[in-house]
Amino acid sequence: MSLTHMDILVINSSTGTYNGTLKTYLLLQVDIRDEDALDAVFASTRFDAVIHFAGLKAVGESVQKPLFYYDHNIAGTINLLKVMAAHECKKLVFSSSAAVYGSPKNSPCTEEFPLLPHNPYGRTKLMAEEICRDIYRSDSEWRIILLRYFNPVGAHPSGYLGEDPRGVPNNLMPYVQQVAVGRRPSVTIFGNNYATKDGTGVRDYIHVLDLAEGHIAALRKLFDSSSNIGCEPYNLGTGKGTSVLEIVNAFEKASGKKIPLVIGQRRPGDAEILFAGTGKAERELNWKAKYGITEMCRDQWNWASKNPYGYGSPDSTKQNGSNSH
Ligand code: UD1
């Protein structure tokens, strides 16, 4: 089963409050831009809260097709919020991104840093955040948590669930993975003359298991009646910076494969160093990332080696899709 931006995973808790136990679940495929279809879903069941992952996320594609991105990420979010309000469901966890910060001059980057996204993708995340802040100002019954993801990587340790980007991967880890399984000849390092420990870009990679736990922590906060949450952003990262070369070395160790490297030009718009300040999430969500680069690469390789072509086959051509949360 693969989730796309048009799928809604409906999870009912029979108690009415989230207690960590999933009672039943149901997968419905609905385009969130289709307000009537969304309304029918909300009319069918009373929902306690929504986690909104339904966004497109490929930066390059957002530059090529900005209206496509604004339509999915902004019009879709507005529809969702309207339908939620109409059905008196006013608890939301929103998938935002560290892309809202652009390229901050310093790290750790805290939630108070200026919000200066570089590209349409990042701007859709910022605009959706602003919409959330405005609806809370207009109606204080809303409780909204904006989760700003840093660099999610890794896979479920079972090896059954992992990322399967369509076409050429935009992000480092899926690219490294495809080189390790022999689908691509080498990884191009986007610049090795940055002012970092080894000259390559530094980022805050976070295991998807930790990211998932961050959402559970956010839901708990939303359902904690003693907290006056309003509309609050939280960084989800480890607080540690790792360079491109460190990722490649860790992946070589995890996989036992040699990853051939080519040194290329800097990628326009890339930050030199970006890692999260995690204090606010630790204090207020009672959440802290547990896994390091070794576990991220171990689980990424477990998924890759069991599924070298992701959910497809060597013959499947998957060139025209958009990556989505
Ligand atoms: C990118 C997006 C960001 C998005 C995030 C989602 C850009 C500019 N930013 O972040 O908005 O929220 O993905 O995970 O696209 N690198 C290489 N070779 C490669 C690929 C990447 O050297 O083939 C380097 C990059 O220069 C960077 C690091 O690896 O230093 C991580 O890159 P990437 O995985 O694309 O993530 P971000 O750019 O941090």
Side-chain angles (χ1 to χ4, degrees), residues 53 55-64 66 69 73 94-104 107 109 115-126 128-129 146-155 162-165 167-180 183-208 210-211 233 235-238 240-251 259-276 293 296-297 300 322-325:
F53 300 109
L56 302 176
K57 74 162 197 70
V59 171
E61 186 184 49
S62 78
V63 175
Q64 303 299 323
Y69 270 64
N73 292 7
F94 174 65
S95 292
S96 189
S97 169
V100 297
Y101 298 116
S103 302
S107 277
C109 170
L115 302 174
L116 299 165
H118 282 319
N119 47 59
Y121 160 70
R123 280 188 279 277
T124 65
K125 291 295 175 187
L126 177 56
E129 285 198 2
L146 311 165
L147 295 178
R148 294 178 180 159
Y149 306 168
F150 278 66
N151 292 61
V153 297
E163 187 182 7
D164 182 16
V168 181
N170 302 295
N171 299 120
L172 178 65
M173 192 65 108
Y175 207 104
V176 169
Q177 160 185 333
Q178 292 195 5
V179 172
R183 288 172 64 178
R184 300 188 188 276
S186 57
V187 173
T188 300
I189 296 197
F190 297 150
N192 67 347
N193 55 358
Y194 285 110
T196 61
K197 41 193 153 185
D198 56 27
T200 65
V202 167
R203 294 289 183 280
D204 188 338
Y205 298 91
I206 172 169
H207 197 300
V208 288
D210 277 326
L211 199 74
N235 288 341
L236 291 187
T238 62
K240 296 188 185 72
T242 305
S243 73
V244 177
L245 281 177
E246 286 172 331
I247 287 285
V248 170
N249 290 339
F251 204 88
I259 310 288
L261 298 176
V262 172
I263 305 299
Q265 297 297 312
R266 291 182 178 194
R267 183 170 62 181
D270 264 357
E272 187 162 77
I273 299 180
L274 181 56
F275 58 91
I293 291 300
M296 296 178 212
C297 291
Q300 185 96 30
S322 304
N323 296 322
S324 68
H325 284 300

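All ligand and atom numbering here is 1-based and tracks the order in the structure.
Counting the atoms of ligand 1 from 1 in the order shown, those under 4.0 Å from a heavy atom of I189 are 22 (O). Listed by atom number, the atoms of ligand 1 under 4.0 Å from G201 heavy atoms are 30 (O). Listed by number with element, the atoms of ligand 1 under 4.0 angstrom from any heavy atom of D270 are 8 (C), 25 (C), 26 (O), 38 (O). In the vicinity of S97, heavy-atom distances shorter than 4.0 Å reach the ligand 1 atoms 12 (O). Atoms of ligand 1 found under 4.0 Å from any heavy atom of A99, numbered from 1 in the order shown, are 11 (O).
A side-chain donor-acceptor contact under 3.5 Å links Y69 to the backbone of A58. A distance-only check finds no donor-acceptor pair linking the side chain of N192 to the backbone of T200 [under 3.5 Å]. Of the possible polar contacts, none joining the N235 side chain to the A276 backbone as a donor-acceptor pair under 3.5 Å is found. Judged by distance alone, with hydrogens and angles left aside, the side-chain atoms of R266 form no donor-acceptor pair with the main-chain N or O of E272 at under 3.5 Å. Panel note: side chain K125, backbone S95; a donor-acceptor pair is recorded below 3.5 Å. Between the side chain of R203 and the backbone N or O of A271, at least one donor-acceptor pair lies under 3.5 Å. Remark: side-chain polar atoms of Q300 are not paired, donor with acceptor, to backbone N or O of Q177 under 3.5 angstrom.
Note: no N/O pair closer than 3.5 Å links N119 and ligand 1 by distance alone. For ligand 1, one of its N or O atoms has an N or O atom of L172 under 3.5 Å away. When only interatomic distances are considered, the shortest N/O to N/O separation between K57 and ligand 1 does not fall below 3.5 Å. Inclusion of N151 in the set of residues having an N or O under 3.5 Å from an N or O of ligand 1 is warranted.
You'll find the side chain of L245 reaches within 4.5 Å of the side chain of I189, heavy atoms only. With contacts defined as side-chain heavy-atom distances shorter than 4.5 Å, the pair K57/N171 qualifies. Using a 4.5 Å heavy-atom threshold, the side chains of L211 and Y149 count as touching. Counting heavy atoms from C-beta on, the side chains of V63 and P120 come closer than 4.5 Å.
Annotation: atom 18 (N) of ligand 1 to nearest protein heavy atom, T188 O, 2.7 Å. In this structure, atom 16 (N) of ligand 1 lies nearest to the protein heavy atom F190 CD1, 3.5 Å. Remark: minimum distance from atom 31 (C) of ligand 1 to any protein heavy atom is reached at Y205 OH, 3.3 Å. The closest protein non-hydrogen atom to atom 29 (O) of ligand 1 is V244 CG2, 3.5 Å. In terms of protein heavy-atom proximity, atom 5 (C) of ligand 1 is nearest to N171 ND2, 4.1 Å. Shortest contact from atom 3 (C) of ligand 1 to any protein heavy atom: V59 CG2, 4.0 Å. Closest to atom 38 (O) of ligand 1, if we only count protein heavy atoms, is R267 NH2, 2.6 Å.
Under 4.0 angstrom from ligand 1, there are no non-hydrogen atoms of Y194. Here Y121 has side-chain heavy atoms under 4.0 Å from ligand 1, and that is the only part of it that gets that close. At a heavy-atom distance under 4.0 Å, no atom of I247 approaches ligand 1.
Heavy-atom proximity to atom 27 (C) of ligand 1, evaluated over K125, E163, R203, is greatest for R203.
Note: Y101 and F150 have tilted aromatic rings, judged against thresholds of 30 and 60 degrees for the angle between ring planes.
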